[in-house]
Structure formats: structure tokens, C-alpha cells
Amino acid sequence: MQPVLLAIESSCDETAAAIIDDQLQVLSSVIASQDDLHQQFGGVVPEIASRAHVRNILPVIDEALKRAGKSLEDLTAIAVMTQPGLVGSLLVGLTAAKTLSLLLDIPLLAVNHIEAHLYACRMAAGSEVFPAIGLVVSGGHTNLYDCRGATDFELLGSTIDDAAGEAFDKVAALLGLPYPGGPEIQKIAETGNPQAFNFPRSFIKDDRLAFSFSGIKTSVRYTALGQPGSREPAPELTPQRVADIAASFQEAVAEVLVAKCRQALKQRGRTSLCIGGGVAANRRFREELEQLTASGIEVHTAPMNLCTDNAAMGAIAWELYRAGTFSELDIDVVPGLVRA
Ligand code: KG4
Ligand code: ZN
């Protein structure tokens, strides 16, 4: 029988489990979203997230096994994302994984969530994609890496304030759109003019591989709601103006992301680029990436269903399994970003 592993993801607000075989075939992938719980707050509330993980984790694991037609006894190993993320959320997944590993007496594999996001590109490609420059662009991260191998990353730079996805979520909230904001902005931007407003493109002409999205967020706020202290009332926020703001915001973010990828590729002399994380699902950003393809860069984007948080990208654990990189039962979660 083909070896299969169970991967568990609970780093933020998605409780997920997947069964993946050693040829990287995803036999099942179950995701319990908590979006409805966090919607009224416009972002993830950590304590609510941890409690929902506790409720969801066992049913999600059961469902993943059922959909794959497997039982616990069929598992070769247990993989779990242990970093980075919300501490309470990560602990729920890790506790479940440790318990199963102990109970079934099979190896425990600790996966880095960021590396897993980029491994989604490897899964889609069906062949090697590393070495490459990697961009993880999500609600929690906007990080550039030099990826020497699937689990050998050097952090080149990250955001100094908000993550790109967080900016999408915050801009959506101030335009009166629901959480998560990325897909909403993308949808409404389709009827807007991306040149209507010239929002700031932070660090775009700077050699530093850093991002900043708080300036653009403030600029959108002033455009939408008016300058604080100004005698002039803000123009009425008509549906067309909302669409124009959304399109112009999305345009600016897409431009910055692509420009920084180009700089990283050049600085490191790489010709392959891997992009993962929720914002990688953005259509305008994907179009903008075609510029890089046109200039000879091999661009790998995570497939749509593996962009936002999921457990299937835990397939990277097979790399750890093959390398014999097993974890002990006393491992802990690592909430923060570890700099290589
Ligand atoms: O990777 P992910 O599911 O969770 C984190 O690890 O953070 O990313 C979620 C983020 C949210 O901020 C969401 O608004 C954004 O990804 N997102 C998008 C799109 N789909 C999801 N942003 C822009 N365009 C999209 N189509
Ligand atoms: Zn993520």
C-alpha cells in the first residue's frame, strides 16, 4: 500500500487536515473556515480562533481520513505546522499531532507554515522548482526568501509594518466590504479604474528588500473618508468611487510586489520565482507577474486551492521524512518568524 501521511494546519484561523501520499498526491483536504466568527471584528481574534480550533480539530481529522478512504492505522507519519502563527492556535494542532504520533507510534514531522506555502508551487509543478526566490504574501506575512532547497530558506526581507493581505483586509473594512477583504477588493476592482488614484508604492525605487503597506492604507483612508481636520468634506463614496479606490489600491500593491520580486531575483542571480500565500490568489497580481515570465523568469504560483491556508501543502513533510528529520514529542510551537 502507498505510504500516506496526515498533515494538520491550525496556525491562524483555518482548521485543516489533509491526507497526502508519498508521490505528493492529495487524497483529501478538509478546511474548516472561521471567517464567519471573525467577520464582525474585521480580522482574526486569537482567543476566538484557538477555541474554534479545539472544537474543529477532531471532526476535521476524521473527515480527512474518511474522504481519503483511510483509517488511522494506514498512516505512515503525522505532519503538523508548528511555526509561525498564533501561539494558541498552533498549540491545538501540535497537541493533536503529538497525541496521534504517540498513540500510533509513528513519526512526528514539524512543518514550517511559510515553507509549506511555497512548497505548494512544487506540488503544482510536478517537478523541482528550487533553487528560487520565494515570496510568501498572506494575511500575516509579506516575506522574500532565497530558497536554496525545499527546506533551506534565507529570509531576504519582509514588511516593516502591515502584511499585504492585512492591507487588503483593512482597506476592505474601511470601504465597507466584508472580511476577508482580498477577494472582495478583487471583485469590486473589476468595475473600477486602476489609474483613478495614484496611491504610494513604498520602497519601489529602493534597493532594500523591504515592504511597507501602512502608508497606502492611510492614503486610501484619506481618499475614501477625507483628510482629518480638513474643512472640505470627502467626495461621496459612491459605488463607482469605491470600485476606483479598490482597483487603484490593488494596482499599487501588485506593482510593488512584482518590483520587489524582480529586485530579489536580480540581487541573487536567480531565474526561478515561487509565490504562495493568500494574496497569490489575486488575479491582477498574477497578470502583473506575466511581465517577469516575459523577461525569461520561470514563475511558479501556488494553485488557487493551495494559496490560502490549507493542510495539503503539508506535503512538504515528505521531504523531512525522506531526510529523516523527525521531531521529538517535547517540541514546542514557534509563533514568531525565524530569521535564517
Ligand atoms: O495565506 P492565508 O490564507 O492566511 C495567512 O497565512 O495569513 O492568507 C489570507 C489573506 C487574507 O488577508 C486575504 O484577504 C488574502 O489572503 N487574500 C487575497 C485574495 N484571496 C485571499 N488578497 C488579494 N486577492 C485575493 N484574491
Ligand atoms: Zn498562511
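Both counts, for ligands and for their atoms, begin at 1 and track the order of listing. Note that the numbering runs from 1 along the sequence shown for the chain.
- When each of T308, D309, N143 is tested with H117 by the rule side chain to side chain donor-acceptor pair (under 3.5 Å), just one qualifies, namely D309.
- Counting non-hydrogen atoms of other residues, nucleotides and ligands closer than 6.0 Å to CZ of R286 gives a total above 12.
- In summary, the atoms of ligand 1 found under 4.0 Å from a heavy atom of V279, numbered by their order in the structure, are 16 (O), 18 (C), 22 (N).
- For ligand 1, the polar-atom distance check against T308 finds no nitrogen or oxygen pair separated by under 3.5 Å.
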| task | Before giving the answer on side chain to side chain donor-acceptor pair (under 3.5 Å), spell out for K260 and Q263 the whole-Å C-alpha distance, their side-chain angles and the decisive distance to 0.1 Å. | result | CA-CA 5 Å; K260 287 289 151 191; Q263 282 177 1; 2.9 Å; yes

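- In this structure, F41 has its ring center at least 6.0 angstrom away from the ring center of Y179.
- At a 4.0 Å cut-off, at least one heavy atom of A281 sits close enough to ligand 1 to count as contact.
- If you check the side chains of E319 and Y119, you find a donor sitting under 3.5 Å from an acceptor.
- Among A164, G182, C12, G139, the residue whose heavy atom sits closest to atom 23 (C) of ligand 1 is G182.
- In this model, a donor atom of one side chain and an acceptor atom of the other lie less than 3.5 Å apart for R262 and Q291.
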| task | Please assess T82 against I331 for the test side-chain contact (heavy atoms from CB on, under 4.5 Å), listing each intermediate value before the final yes or no. | result | CA-CA 9 Å; T82 57; I331 56 158; 4.1 Å; yes

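- When non-hydrogen atoms are compared, ligand 1 lies under 4.0 Å from the backbone of C307 (N, CA, C, O) but not from its side chain.
- Side chain to side chain, N282 and Q250 meet the donor-acceptor criterion of an N or O pair below 3.5 Å.
- Ligand 1 has no N or O atom lying under 3.5 Å from any N or O atom of R283, backbone or side chain.
- Listed by chain and residue number, F199, R201, I216 satisfy the side-chain contact (heavy atoms from CB on, under 4.5 Å) test with A252 (two or more places apart in sequence, or in another chain).
- Distance check: I48 CD1 to H53 NE2 gives 12.0 Å after rounding to the nearest 0.5 Å.
- Between H113 and ligand 1 there is a heavy-atom distance shorter than 4.0 Å.
- Each protein N/O/S atom under 2.8 Å from the Zn ion (ligand 2) was counted, for a total of 3.
- Sorted by first and then second residue, the ring pair (Phe, Tyr, Trp, His ring centres under 6.0 Å) pairs with a member in residues 248-289 read F168-F249; sequence neighbours excluded.
- Residue D169 touches ligand 1 through its side chain alone, judged by heavy-atom distances below 4.0 Å.
- The single protein non-hydrogen atom nearest to atom 24 (N) of ligand 1 is N282 ND2, 3.0 Å, given as residue, atom name and distance.
- Heavy atoms of other residues, nucleotides or ligands lying less than 6.0 angstrom from CD of Q2 number more than 12.
- S212 and D161 are linked by a side-chain donor-acceptor pair at a separation below 3.5 angstrom, with hydrogens and angles left out of the test.
- Residue contacts with ligand 1 for H117 involve side-chain atoms from C-beta outward but no N, CA, C or O (heavy atoms, distance under 4.0 Å).
- Within ligand 1, counting atoms from 1 as listed, the ones closer than 4.0 Å to a heavy atom of G181 are 14 (O).
- Atom numbering of ligand 1 starts at 1 in the shown order; those under 4.0 Å from a heavy atom of G140 are 7 (O).
- Side chains of S11 and H113: a donor-acceptor N/O pair is present below 3.5 angstrom, by distance only.
- The nearest heavy-atom contact from the protein to atom 26 (N) of ligand 1 is Q186 OE1, 3.1 Å.
- Legend: residues meeting side-chain contact (heavy atoms from CB on, under 4.5 Å) with E115, ordered by chain and number and at least two apart, are N112, T151, F153, I316.
- Short contacts between ligand 1 and G165, defined as distances under 4.0 Å to a heavy atom of the residue, involve ligand atoms 12 (O).
- The protein heavy atom nearest to atom 20 (N) of ligand 1 is G278 O, 3.4 Å.
- Where the criterion is an N or O separation shorter than 3.5 Å, residue side chain and backbone included, G277 fails it with respect to ligand 1.
- The atoms of ligand 1 that sit less than 4.0 Å from any heavy atom of P183 are 19 (C), 20 (N), 21 (C), 25 (C).
- For atom 4 (O) of ligand 1, the closest heavy atom belonging to the protein is D309 OD2, 3.1 Å.
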